[in-house]
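A short worksheet on the structure shown next.
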Amino acid sequence: MAFTETQNISWFGRMKNSFMGVIVGLLMFAGSFFVLFKNEGCAVRTAKGLEQGRKEVVSSGTDAAAPGNEGKLVHISGQAATDAVLKDPKFGVEEAALRLRRKVEMFQWKEIKETKTKDKIGGGQERVTTYDYRKEWSEDAISSANFKEGGHTNPPMPFRSEQFVASNAMVGAFRLPESLASQIGGEESLPITEEIHGALPEDLKAKFRAEGGGLYMGKESGSPAVGDVRVAFSVVRSPKDVSVLGAQQGNSFAPFATEYDTKIFDLRDGIHTAEAMIQMAERENTIRTWLLRGGGFVMMAIGIGMILGPISAMAMVLPFLGRLAGAGVGFVAFIGAGAFSLVTIAFAWIWYRPMLGIPLLVGGIVLIVWIIKRAMAKGRPPTPAAAAAGGGFYTPPPPPE
């Protein structure tokens, strides 16, 4: 089912593309500063907000909502329970649970694109793109409108995945908002029996059959065709041990607004102290911060590489020179992104936390100075001392005419 497309690009075409890439590279380079600076600000505000929460949190029992805790950051632990019977309005499947989830998958075509390039003497390039088409189950609708090759058409999905959450889930005397109740884990399968199948709406009963613990629409589940649909249901049964952090609002919870423009509104599975929940949130903040730092660094490195792209494109007249130039550009992009990232993070920390930001700034500046000195040193002739140390002879440059 593979389809191959070959494209030949001239040296002038590559130069044109590289200069167009400079514009994109400048945008990425500039955008990376914003991402890095903004990320540090969010990390610091979140850390300070959690520290405020640590100092102000009030641990409460679940027997009653104390009026004196209204608006305060409150921590509770206990069993989330409900007497609600949740019902899927389309399929009519119902169950007493904290959460009911319908998972819908359709067998669809998927286009897989792979491109290989080959450099030519003279600066040209041959680009071979292979489009392969495979069938797979997917919970998301895959649009076939932009497939390169026709004959691989996906029909629209007749149903989508959806979940239903109990609106009256309680932890003792406290009602859980649906946004928190939806986070409760411990999901388990809800097998579809012949009895449940018999209770489906008549139009769906004719289309679907109970099979493999779920519902199936199609001829042969062992050999599915494009457009076949399978539906599975799962539930989170009551009761479940949970711990909650949030602002007490009557007998319920709302996000707790800190002094640092952040909010604390969290539910964890299991019984945890307030301190343990705050420590979990701090670890997540650290992981998120480092992931975004890495993303900002990569964004900056790609931007620098695209800005310097014309250098390697120009050298591609001879492929081996182009590869050397490309390696040099990659090295400069990596080191430059590291230096500029350090400086940006340092300025952000100076803005938010000066005592930690100043050492970072010094480190970044030292790295940039080292890069500049290394680059300048390559263009200088060796000194007599350097030549002697290397065991060679020093030949002074000719006097100016």
Check this for me: [X], atom [atom1], are more than 12 non-hydrogen atoms of other residues, nucleotides or ligands nearer than 6.0 Å?
{"X": "Lys103", "atom1": "NZ", "result": "no"}
{"X": "Trp137", "atom1": "CH2", "result": "yes"}
{"X": "Asp261", "atom1": "CG", "result": "no"}
{"X": "Met280", "atom1": "CE", "result": "yes"}
{"X": "Glu188", "atom1": "CD", "result": "yes"}

Candidate pair Arg54 and Glu282, rule salt bridge (Lys or Arg N to Asp or Glu O under 4.0 Å), full reasoning | CA-CA 11 Å; Arg54 174 179 279 114; Glu282 286 174 333; 2.9 Å; yes

Kindly indicate whether the side chain of [X], heavy atoms from C-beta on, has any atom under 4.5 Å from the side chain of [Y].
{"X": "Lys207", "Y": "Val229", "answer": "no"}
{"X": "Asp269", "Y": "Lys240", "answer": "no"}
{"X": "Leu200", "Y": "Leu215", "answer": "yes"}
{"X": "Arg230", "Y": "Phe107", "answer": "no"}
{"X": "Glu114", "Y": "Asp132", "answer": "no"}
{"X": "Val226", "Y": "Lys135", "answer": "yes"}
{"X": "Tyr260", "Y": "Val44", "answer": "no"}
{"X": "Leu36", "Y": "Met300", "answer": "yes"}

Would you compute the distance between atom [atom1] of [X] and atom [atom2] of [Y] and round it to the nearest 0.5 angstrom?
{"X": "Ser243", "Y": "Arg268", "atom1": "OG", "atom2": "CZ", "result": "10.0 Å"}
{"X": "Ser238", "Y": "Leu86", "atom1": "OG", "atom2": "CG", "result": "10.5 Å"}
{"X": "Ile196", "Y": "Glu95", "atom1": "CD1", "atom2": "CD", "result": "7.0 Å"}
{"X": "Met277", "Y": "Leu245", "atom1": "CE", "atom2": "CG", "result": "4.0 Å"}
{"X": "Lys148", "Y": "Tyr133", "atom1": "NZ", "atom2": "OH", "result": "8.5 Å"}
{"X": "Leu176", "Y": "Thr82", "atom1": "CG", "atom2": "OG1", "result": "9.5 Å"}

What's the verdict on ring pair (Phe, Tyr, Trp, His ring centres under 6.0 Å) for Phe297 and Phe334, showing C-alpha distance, side-chain angles and the deciding distance?
-> CA-CA 9 Å; Phe297 167 80; Phe334 180 83; 5.5 Å; yes

Between Arg99 and Glu187, does at least one N-O distance fall below 4.0 Å, as a salt bridge requires?
-> yes

Glu202 with Lys205: basic N within carboxylate O range, under 4.0 Å = yes

Testing the basics here: between [X] and [Y], what is the closest heavy-atom pair and its distance to 0.1 Å?
{"X": "Arg209", "Y": "Lys219", "answer": "NH2-O, 3.1 Å"}
{"X": "Gly78", "Y": "Ile271", "answer": "N-CD1, 3.7 Å"}
{"X": "Val22", "Y": "Ile307", "answer": "CG2-O, 3.6 Å"}
{"X": "Ile76", "Y": "Val74", "answer": "CG2-CG1, 4.1 Å"}
{"X": "Val104", "Y": "Glu139", "answer": "O-CG, 3.3 Å"}
{"X": "Gly303", "Y": "Met28", "answer": "CA-CB, 4.0 Å"}

Show your reasoning for whether side-chain contact (heavy atoms from CB on, under 4.5 Å) applies to Ile112 and Arg134.
-> CA-CA 8 Å; Ile112 299 170; Arg134 302 175 190 172; 3.3 Å; yes

Plane angle bin for Phe174 and Phe253 - parallel if under 30°, tilted between 30 and 60°, otherwise perpendicular | parallel

Side chain of [X], backbone of [Y]: donor and acceptor closer than 3.5 Å?
{"X": "His197", "Y": "Glu195", "value": "no"}
{"X": "Glu70", "Y": "Gly250", "value": "yes"}
{"X": "His75", "Y": "Glu275", "value": "no"}
{"X": "Thr273", "Y": "Ala276", "value": "yes"}
{"X": "Arg102", "Y": "Arg160", "value": "yes"}
{"X": "Gln248", "Y": "Ala66", "value": "yes"}
{"X": "Asn154", "Y": "Ser143", "value": "no"}
{"X": "Ser252", "Y": "Arg175", "value": "yes"}
{"X": "Ser32", "Y": "Phe29", "value": "yes"}
{"X": "Gln108", "Y": "Asp140", "value": "yes"}

Trace of the side-chain contact (heavy atoms from CB on, under 4.5 Å) decision for Tyr131 with Glu149 = CA-CA 8 Å; Tyr131 301 87; Glu149 187 179 44; 6.0 Å; no

Checking side-chain contact (heavy atoms from CB on, under 4.5 Å) for the pair Val93/Phe164: CA distance, chi angles, key distance, verdict?
-> CA-CA 11 Å; Val93 175; Phe164 314 94; over 6 Å; no

For the pair Glu259 and Lys55, evaluate salt bridge (Lys or Arg N to Asp or Glu O under 4.0 Å) and give the outcome as yes or no after the intermediate values.
-> CA-CA 13 Å; Glu259 298 173 3; Lys55 294 174 182 177; over 6 Å; no

side-chain contact (heavy atoms from CB on, under 4.5 Å) between Ser221 and Tyr216, worked out = CA-CA 7 Å; Ser221 59; Tyr216 194 90; 3.7 Å; yes

